[in-house]
Amino acid sequence: MGKNYDAIIIGGGIVGCSVAFELATRGMKNILIIERKYATSGNTGKCGAGIRQQWGSELNATLAYESTNIFEHLEEYTGYNHSCGLNQTGYLLIACNDAEWRQFQANIPVQHKIGIKSYTVDLEKDIFKIVPHINTDGLVGAVYCHEDGSADPFHCTLAYMQGAKRLGVEVMTYATVTELAAEGGRIKGVRTTNGDFNAPLVINCANQWAAALSAQVGDEIPIVPERHQAVITEPVAPMGYDNGAMPMVMSWQRRFFCQQTLHGSFIMGEIEAVPTTASDANWDYLESNCHTITTTLPALRSLRVLRHWAGHFDMSPDHTPIISFSKNAEGLLTICGFSGHGFMIAPRTAVMVARKICGESDTIDINKFRVERFKSGDLLLEPMAL
């Protein structure tokens, strides 16, 4: 085998880069990130980049709340000299049936316990102070948190990557991990298209490709890739309340999200749960997506679409991440199954992982995320996964 490292991280998305940064800040310098193309070339660069704290389980709400606290000063935190594009105009979640509305209301005390500033919205008048152009026909209720929003996934990832590199982390791009090297029940390193590398710790952050890699040592990681498509429009003047950008509007029953960015474009998607590795973006989806969203937000009907793309969610059975040390190859850690909310909880997830590896205590029990939960029945069910 080739060069020796203390840790090798597979995947140059926000999860892999943030884990590398957090490990490096704790003194682990001899780290290698391996990315098959370039940083954010996978699903980080294709995500909607939302940052939502309004979750139904205390565990996911805590991860999102504490990640938001990091996003709010990510530039200073990582030493990055560019804005990471944090846009905290809020998330308006709309309920279109009684079951959704009951769930939204049940979530509020869970969120308040953590410190999340969510609240129910009066559909008769207050909703128009959040989204002036919304069509409330068919809505039963709504909830809002003004500290939710979005950020630039490219700059957030680069902030972590460049911060890690300043601390001594190496980054190898355009290299594919072809094999996990294990011997005698321990991980030894990886084989790649750029050579072989040794490490007693390998962290598999390869999103929907993670399961196939970990299967090489006999680990069963039950994730399913789902294709999701999105579009971005031409920029227009702010369409939110009081000349601000329009917040994220999100519907479970209508299965869409839509938000105005800081530069005026709208990023939006209709959530199609299609289990497939295909990454093509198709016209039927685009037409359906635009029809659904403009029914709720008719003021967007005249906008022109600039770009249309597809990416994947790595779906776990309970829509909660898998963070699991291998039983078959000691030193292998698999981190995947974020089910569409990896970007928004990556900062706190990375802290949790680094604390575990470095022997530090944490207020969140990382063992809850182990893959064995699917056999033991200790599921981490999340009612607010879209």
Side-chain angles (χ1 to χ4, degrees), residues 1-45 67 70-71 73-82 84 151-177 180-181 187-207 209-210 213 323 325 331-336 342-343 345-360 362 366:
M1 299 277 290
K3 187 175 179 180
N4 297 323
Y5 291 92
D6 294 328
I8 293 173
I9 297 173
I10 306 170
I14 193 168
V15 175
C17 290
S18 59
V19 169
F21 174 80
E22 294 294 346
L23 287 173
T25 61
R26 288 162 173 79
M28 186 184 291
K29 309 297 185 188
N30 196 19
I31 301 170
L32 173 65
I33 299 173
I34 302 176
E35 165 54 47
R36 65 176 187 155
K37 291 185 179 178
Y38 54 87
T40 73
S41 62
N43 289 302
T44 295
S67 290
I70 297 174
F71 276 120
H73 61 278
L74 187 60
E75 298 89 348
E76 177 185 1
Y77 187 68
T78 59
Y80 193 53
N81 61 3
H82 191 287
C84 289
D152 187 313
F154 305 99
H155 281 294
C156 288
T157 304
L158 288 174
Y160 276 117
M161 177 176 280
Q162 291 185 13
K165 290 172 73 173
R166 283 192 297 273
L167 293 169
V169 174
E170 294 182 36
V171 179
M172 179 185 297
T173 55
Y174 294 93
T176 300
V177 174
L180 298 179
I187 198 75
K188 295 296 183 181
V190 299
R191 295 186 172 90
T192 81
T193 52
N194 282 16
D196 301 342
F197 304 94
N198 305 315
L201 174 64
V202 173
I203 305 174
N204 178 5
C205 304
N207 201 277
W209 300 279
L213 280 173
I323 306 172
F325 286 92
L332 172 64
L333 172 62
T334 300
I335 307 174
C336 64
F343 176 75
I345 64 171
R348 184 59 174 89
T349 300
V351 170
M352 178 173 57
V353 169
R355 285 176 176 171
K356 177 66 175 179
I357 291 170
C358 296
E360 300 176 6
D362 201 328
I366 196 172

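Computation of the quantities below employed the complete heavy-atom set of this structure, encompassing side-chain atoms and omitting hydrogens, waters and symmetry-equivalent molecules. For this chain, numbers begin at 1 and follow the sequence in order.
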> Are any of the side-chain heavy atoms of Ile14 and Tyr160 separated by less than 4.5 Å?
Replying inline: yes

> What residues, two or more places apart in sequence or in another chain, satisfy side chain to side chain contact (heavy atoms under 4.5 Å, CB included) together with Lys29?
Replying inline: Leu167

>> Taking Ala210's backbone N and O only, do any of them form a donor-acceptor pair with Asn204's side chain (distance below 3.5 Å, no angle check)?
In response: yes

>> Looking at Arg348 and Ile70, would you say the former's side chain and the latter's main chain have a donor-acceptor pair under 3.5 Å?
In response: no

> Which class fits the ring pair His73 and Tyr77: parallel under 30°, tilted 30 to 60°, perpendicular over 60°?
Replying inline: perpendicular

> Is there a donor-acceptor pair under 3.5 Å between the side chain of Thr40 and the backbone N or O of Gly45?
Replying inline: no

> CD1 of Ile187 to CG of Leu201: how many Å apart, nearest 0.5 Å?
Replying inline: 9.5 Å

> Just by distance, do the side chain of Thr193 and the backbone of Thr176 share a donor-acceptor pair under 3.5 Å?
Replying inline: yes

> So do the side chains of Arg26 and Val351 get within less than 4.5 Å of each other, counting heavy atoms only?
Replying inline: yes

> If you measure from NE2 on His82 to SG on Cys156, what distance do you get to the nearest 0.5 Å?
Replying inline: 11.5 Å

> Looking at side-chain heavy atoms only, is the closest gap between Phe71 and Pro347 below 4.5 Å?
Replying inline: yes

>> Nearest 0.5 Å, please: how far is NZ in Lys37 from OH in Tyr174?
In response: 8.0 Å

> Under the salt bridge (Lys or Arg N to Asp or Glu O under 4.0 Å) test, which residues partner Glu170, sequence neighbours left out?
Replying inline: Lys3

>> Which residues pass the salt bridge (Lys or Arg N to Asp or Glu O under 4.0 Å) test with Arg355, not counting sequence neighbours?
In response: Asp362

> Is there side-chain contact between Leu333 and Ile323, with at least one heavy-atom pair below 4.5 Å?
Replying inline: yes

>> Using only atom types and a distance under 3.5 Å, with no angle test, would you say the side chain of Asp152 pairs donor to acceptor with the backbone of Phe154?
In response: yes

>> Less than 4.5 Å apart, side chain to side chain, heavy atoms only: is that true for Leu23 and Ile203?
In response: yes

> Is there a side-chain contact between Val202 and Val177 (heavy atoms, below 4.5 Å)?
Replying inline: no

>> Using a 3.5 Å distance criterion without hydrogens, assess whether the side chain of Glu360 forms a donor-acceptor pair with backbone atoms of Ala354.
In response: no

